[in-house]
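Down below is the structure, laid out as structure tokens.
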Amino acid sequence: MKELLDKLAAKYETPDFIKSDPVQFPHRYSKKQDIEISGIISSSFAYGKRTLFIEKLKFIHSVMGKSPHEFCVNFTVKDEKHFENFRYRFNNGNDIITLINSLSAIYQNNNSLEDLLVKFKTEDTPKNILNVLIQHLYPDNCSKGFCYLLPNPSSNSACKRLNLFLKWMVRGGSVDLNNWTIIDKKNLIIPLDTHVARISRYLNLTSRKSNDWTTAREITDNLKKFDANDPVKYDFALFGYGVEHPIIDL
């Protein structure tokens, strides 16, 4: 099993992976704050048909321009007009406006998103770190669309896109960004989507039927048997193979 997963991880974790993945957007930047903002926005909208959400992310990044950080910090009511007609599945312009306003408030009082999380986290665990992030991004009245965009880890949601964001920020390698030191990569949780769940069940990495946080935790714990220091590197193996092979033939 380890030999198979290592081979698949090596196959998919290459710079070529970036070209068609939402991680392409934070890769455009070198400044920490720009990478953070692009990363949280890009991962949050990474649901549904890939070609469609990539086009939406291209639009959002074209509006933000050369520096997402400067755009967020200086965001005004006038800028909101860019998103008046924005629509993507469960989300609309108000959701992206709310997210940008929340990020703007954070950066008004903190040098970086990571600084905020370091300040308020109580445990070095993904769930605690993401709970702190959610607490500071959620508005007083959270719309259904915004809550879908950024699910709450305390509800036992798998939080695939938030765990994807955390993986991007923490891991290094040829795809992930290694932008944060807030948590060791060995403690990350695998981003659990339908592809990862399907292949994981086939490989007996989990017997659970629900795609929730508990299942993501169980899969990650089993992957630690193959690499205790970097279990989520196998996200490339499970996700990459799952996308490329709708019919399992391992």
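As a basis for the values below, the full set of heavy atoms in this structure was taken, side chains included, without hydrogen atoms, waters or symmetry mates. This structure is a prediction, so every number in the text was calculated from the model and none was measured.
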Looking only at heavy atoms, the pair that brings Trp168 and Ser42 closest together is CZ3-CB, 4.0 Å
Exercise for review: Flag the pair Ile54 / Phe25 as yes when at least one side-chain heavy-atom distance between them is below 4.5 Å, and no otherwise.
Suggested key: yes
Hey, what's the ring geometry for Tyr47 with Tyr88, parallel, tilted or perpendicular (30° and 60° as the breaks)? tilted
* Asked: Can Lys233 and Asp6 be counted as an ion pair, charged N to O under 4.0 angstrom?
  -> yes
Just list the side-chain donor-acceptor pairs under 3.5 Å for residues 179-192, sequence neighbours left out, or say none.
unit_1 : atom_1 : unit_2 : atom_2 : d
Asn179 : ND2    : Lys32  : O      : 3.3
Trp180 : NE1    : Glu36  : OE2    : 2.9
Asp184 : OD1    : Lys186 : N      : 2.9

Side chains of Trp213 and Pro151: closer than 4.5 Å at any heavy-atom pair?
no
Separation between CG (Leu166) and CZ (Arg161), nearest 0.5 Å, reads 15.0 Å
Any side-chain heavy-atom pair from Phe71 and Ile100 closer than 4.5 angstrom?
yes
From the list Asn131, Asn128, Thr125, side chain to side chain contact (heavy atoms under 4.5 Å, CB included) partner of Pro153 resolves to Asn131
Shortest non-hydrogen pair, Leu57 vs Ile41, comes out as CD2-O, 3.8 Å
Check: Does a side chain donor of either Ser154 or Asn152 reach within less than 3.5 Å of an acceptor in the other side chain?
Finding: yes
- Message: Parallel, tilted or perpendicular: which one describes the rings of Phe226 and Tyr234, with boundaries at 30° and 60°?
- Response: perpendicular
Any carboxylate oxygen within less than 4.0 angstrom of a Lys/Arg side-chain nitrogen, looking at Glu84 and Lys81? no
Heavy-atom closest pair (Gly48 atom, Phe53 atom, distance to 0.1 Å) is O-CE2, 3.8 Å
Residue pair Leu137 / Ile106, side-chain heavy-atom distance below 4.5 Å = yes
Tightest non-hydrogen contact, residues Gly242 and Ile199, listed as CA-CG1, 3.9 Å
Does Ser67 form a side chain to side chain contact (heavy atoms under 4.5 Å, CB included) with Tyr29? I'd like the steps, not just the answer. CA-CA 8 Å; Ser67 175; Tyr29 309 101; over 6 Å; no
In short, Asp34 meets Lys66 closest at the heavy-atom pair OD2-O, 4.3 Å
| query | Under 3.5 Å, is there a donor-acceptor pair between the side chain of Asn109 and the main chain of Ala105? | reply | yes
Per salt bridge (Lys or Arg N to Asp or Glu O under 4.0 Å), Asp230 is matched among Lys167, Lys224, Arg171 by Arg171
Any Val170 side-chain heavy atom under 4.5 Å of Val232 side chain: no
Ring pair (Phe, Tyr, Trp, His ring centres under 6.0 Å) pairs touching residues 91-132, sequence neighbours excluded, are His69-Tyr107, Phe120-His136
Does any non-hydrogen side-chain atom of Leu133 lie less than 4.5 Å from one of Ile129? no
Margin query: Could you walk me through whether Asn163 and Leu130 satisfy the side chain to side chain contact (heavy atoms under 4.5 Å, CB included) test, starting with their C-alpha distance in whole Å, then the side-chain angles of each, then the deciding distance to 0.1 Å, before giving a yes or no?
Written below: CA-CA 8 Å; Asn163 278 314; Leu130 293 177; 3.6 Å; yes
Hey, is CD on Gln108 packed in by over 12 heavy atoms from elsewhere, all under 6.0 Å? yes
| message | Please tell me whether Asn101 and Ser104 have a donor and an acceptor in their side chains that are separated by less than 3.5 angstrom. | response | no
Q: Cation-pi check, Lys11 to Phe236: give yes when NZ or CZ is under 6.0 Å from the six-membered ring centre and within 45° of the ring axis, no otherwise.
A: no
Requested in this report: For the pair Thr206 and Asn222, evaluate side chain to side chain contact (heavy atoms under 4.5 Å, CB included) and give the outcome as yes or no after the intermediate values.
Outcome: CA-CA 8 Å; Thr206 183; Asn222 280 318; 5.5 Å; no
*List the steps and the verdict of side chain to side chain contact (heavy atoms under 4.5 Å, CB included) for Gln33 and Leu113.*
CA-CA 7 Å; Gln33 294 86 349; Leu113 195 54; over 6 Å; no
Side-chain (Gln24) to main-chain (Asp21) donor-acceptor, under 3.5 angstrom:
yes
Note to self: Counting neighbours of CG on Asn85 that are heavy atoms of other residues, nucleotides or ligands and sit closer than 6.0 Å, is the number greater than 12?
What the structure shows: no
Worksheet item: Okay, side chain of Ser43, backbone of Gly39: is any donor-acceptor separation there less than 3.5 Å?
Response: yes
key: Derivation of the salt bridge (Lys or Arg N to Asp or Glu O under 4.0 Å) call for Asp221 and Arg217   = CA-CA 6 Å; Asp221 287 343; Arg217 172 86 265 176; 3.1 Å; yes
Scanning both residues in full, the closest heavy-atom pair of Asp115 with Asn111 reads OD2-CB, 3.2 Å
### Message
So Leu238 and Leu203, do their side chains get closer than 4.5 Å, heavy atoms only?
### Response
yes
Is the backbone of Pro139 close enough, under 3.5 Å, to the side chain of Ser102 for a donor and an acceptor to pair up by distance? no
Counting N and O atoms only, with roles assigned by atom type, does the side chain of Asp212 sit under 3.5 Å from a partner on the main chain of Asn156, one being a donor and the other an acceptor? no
*Any side-chain heavy atom of Leu149 within less than 4.5 Å of one from Phe45?*
yes
Here the side chain to side chain donor-acceptor pair (under 3.5 Å) pairs for residues 139-148, sequence neighbours left out, are Asp95-Ser143
